[in-house]
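Numbered from 1 within each chain, the chains take letters A, B, ... in sequence-line order.
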There are 2 protein chains.
Amino acid sequence: MTKGERTRRRIIDSASELFAKSGYLAVSLRDIAAHAGLTHAGVLHHFPNKEAMLLRVLSRRDEVNAPLVLGPDVDPRKLVDNLVTITERNTGTPGLVALYAKLSVEATDPEHPAHAYFQGRYRILRERLTEAFAVLLADRPGPSPAVAAQQLLALMDGLQTQWLLDPDSVDMRAAVVSFTRILGLTGPECPGPTDQS
Amino acid sequence: MTKGERTRRRIIDSASELFAKSGYLAVSLRDIAAHAGLTHAGVLHHFPNKEAMLLRVLSRRDEVNAPLVLGPDVDPRKLVDNLVTITERNTGTPGLVALYAKLSVEATDPEHPAHAYFQGRYRILRERLTEAFAVLLADRPGPSPAVAAQQLLALMDGLQTQWLLDPDSVDMRAAVVSFTRILGLTGPECPGPTDQS
DNA sequence: GTCTATACGGGGATAGAC
DNA sequence: GTCTATCCCCGTATAGAC
């Protein structure tokens, strides 16, 4: 591992920690640089701009969550479980949840650097969920697998906004589990992995 | 109408237009001032700071939509219809949808000027929807009225993100109507006001 | 009351020395 | 690869012209 790679890693670790604690806007390049042990100009030698660092932080998180949903070997029932698990896990990292929520909406602007990234991300997620739901919902009344996929993704995103605004107002996990149950994606037996998390 | 009032109006019109196009953070006081035909210091004569302008823009839009949901004389069934109507209407004003979506997520930050505004907005909406659903869902299986309220609001918000990213990927109205139907808020008869919109 | 001119501290980004 | 110095823009504040 070269010196540059080590420095880049230090920078991203610092950015990740500071972003998660205080959000993207409240943290300056000078803050990150100081935390990583160099000047803000030094940081910008390794990343073209602040936003590129943010995207790097987020994509590193995707490397953790993506296999739970997009992996080749997750069967439909397990995929639904994993979505609940991700929702649970999100409850522990409000900083990162806020970052993702902010970026996905900002990226709504076609000129935004992350526009294509999020377009592709949602398209792939919808496709993957549609496939899984087609199996689980075969011949059930209610929405088509494609619509159910849109709905579940939208629900998860929208719940985050309400939860970030007022954490006590919403139980994200309960709302997601409840939705999978009315759709018929989950049996009424057990709400997921465990009830305590 | 005094000269001051006309200027204030011009400023808010400009701010509304620019915020809708680019979001709150990306638009500067100098941008707004130039669009309204004065200097940024002139703008700050009419509004104490940028935050006050934002809140003024938000409250002006609420004057249109709020009666459809929060009005004292909307009965439960009509309220559900109105939510579908708002969803339909949103399809025609992507700029305003983007503004609200961006702001509601930005405002997740406790330091954000509109934080309290959006906290209160969601709280009231949840309360109002919970009351209405309590009537419509009496003794039905599925989520409690409170959870159903959280879910429907979350669904509407999340659909907007997907729709703004890729308008052809999602039919917001269809997804909302479908959801009200599985909940049992709407009978299977008619999907709402009309099917063509 | 309405507005311009100007200044301050802090932000992201760039140029060029070392 | 990292620094210092610099640039321009931001929100905000004040002084003063009309």
Side-chain angles (χ1 to χ4, degrees), chain A residues 1-19 21-58 98-99 102-103 106-107 109 111-114, chain B residues 1-58 99 102-103 106-107 109-117:
Chain A
M1 182 184 270
T2 74
K3 181 179 181 186
E5 279 166 346
R6 266 189 288 110
T7 304
R8 258 186 294 280
R9 184 170 197 88
R10 234 171 51 235
I11 291 171
I12 288 300
D13 285 340
S14 298
S16 199
E17 180 180 333
L18 295 177
F19 285 164
K21 182 162 53 183
S22 311
Y24 175 68
L25 297 163
V27 174
S28 70
L29 284 177
R30 287 160 176 88
D31 293 334
I32 297 167
H35 193 278
L38 31 63
T39 65
H40 77 284
V43 165
L44 288 175
H45 169 72
H46 297 280
F47 298 91
N49 52 41
K50 192 185 176 187
E51 189 170 291
M53 300 178 42
L54 175 58
L55 290 176
R56 189 69 194 79
V57 168
L58 291 176
L99 283 183
K102 280 173 197 155
L103 250 206
E106 270 181 21
D109 178 353
E111 305 301 312
H112 195 284
Chain B
M1 182 185 267
T2 74
K3 179 179 181 185
E5 280 167 344
R6 267 188 288 111
T7 303
R8 259 186 292 279
R9 185 172 195 86
R10 236 170 50 234
I11 291 171
I12 289 301
D13 285 341
S14 298
S16 196
E17 181 180 332
L18 296 176
F19 286 164
K21 183 160 52 181
S22 311
Y24 173 70
L25 298 163
V27 173
S28 72
L29 285 177
R30 286 160 178 89
D31 293 335
I32 297 167
H35 193 278
L38 33 66
T39 66
H40 75 284
V43 166
L44 287 175
H45 170 71
H46 296 280
F47 298 90
N49 51 36
K50 194 183 175 188
E51 150 184 4
M53 301 178 40
L54 171 61
L55 295 179
R56 189 69 194 78
V57 168
L58 291 176
L99 172 61
K102 281 173 194 156
L103 288 179
E106 274 182 16
D109 177 355
E111 305 300 313
H112 194 283
H115 185 68
Y117 170 86

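Side-chain N/O atoms of B/S28 include one lying less than 4.0 angstrom from OP1 or OP2 on D/dC10.
Taking atom CG of residue B/L54 and atom C1' of nucleotide D/dG11, one finds them 14 Å apart after rounding to whole Å. Taking atom CG on A/L25 and atom C1' on C/dG12, their separation rounds to 13 Å, with Å as the unit. In this structure, B/H46 atom NE2 and C/dT4 atom C1' are separated by 12 Å, rounded to whole Å. The nearest whole Å value for the distance from the CD1 atom in B/I32 to the P atom in D/dC10 is 11 Å.
Nucleic acid contact class of B/V27 (heavy atoms, under 4.0 Å, all strands): sugar-phosphate only.
Taking the side chain of A/R30 as heavy atoms from C-beta on, and the options C/dC3, C/dG12, D/dT14, the nearest nucleotide is C/dG12. Among D/dT12, D/dT2, C/dC3, the nucleotide with an atom closest to any side-chain atom of B/L29 is D/dT12. Nearest nucleotide to the A/H45 side chain, out of C/dT2, C/dA13, D/dG1: D/dG1. Counting only heavy atoms from C-beta on, B/K50 has its side chain closest to D/dT12 among C/dC3, D/dT12, D/dA5.
Under the 6.0 Å distance and 45° angle rule, B/K102 does not count as a cation-pi partner of B/F19.
Side chains of B/S16 and B/D13: no donor on one and acceptor on the other come within 3.5 Å.
Atom NE2 of B/H46 sits about 6.5 Å away from atom CG of B/L38, to the nearest 0.5 Å. Between atom CZ of residue A/R56 and atom CZ of residue A/F47 there is a gap of 7.0 Å, rounded to the nearest 0.5 Å. A distance of 6.0 Å separates CG of A/L25 from NZ of A/K50, quoted to the nearest 0.5 Å. Interatomic distance, OG1 of A/T39 versus NE2 of A/H45, reported as 11.5 Å (0.5 Å rounding). In this structure, the separation between NZ on B/K3 and OG1 on B/T7 is 6.5 Å, given to the nearest 0.5 Å.
Each of A/L44 and B/T39 has a nearest nucleotide on DNA chain C; the 5'-most of these lies closest to B/T39. Judged by closest nucleotide on DNA chain C, B/K3 is the one of B/K3 and B/H40 placed further toward the 5' end.
Of the residues in residues 4-15 of chain B, not one comes within less than 4.0 Å of DNA chain D through any heavy atom.
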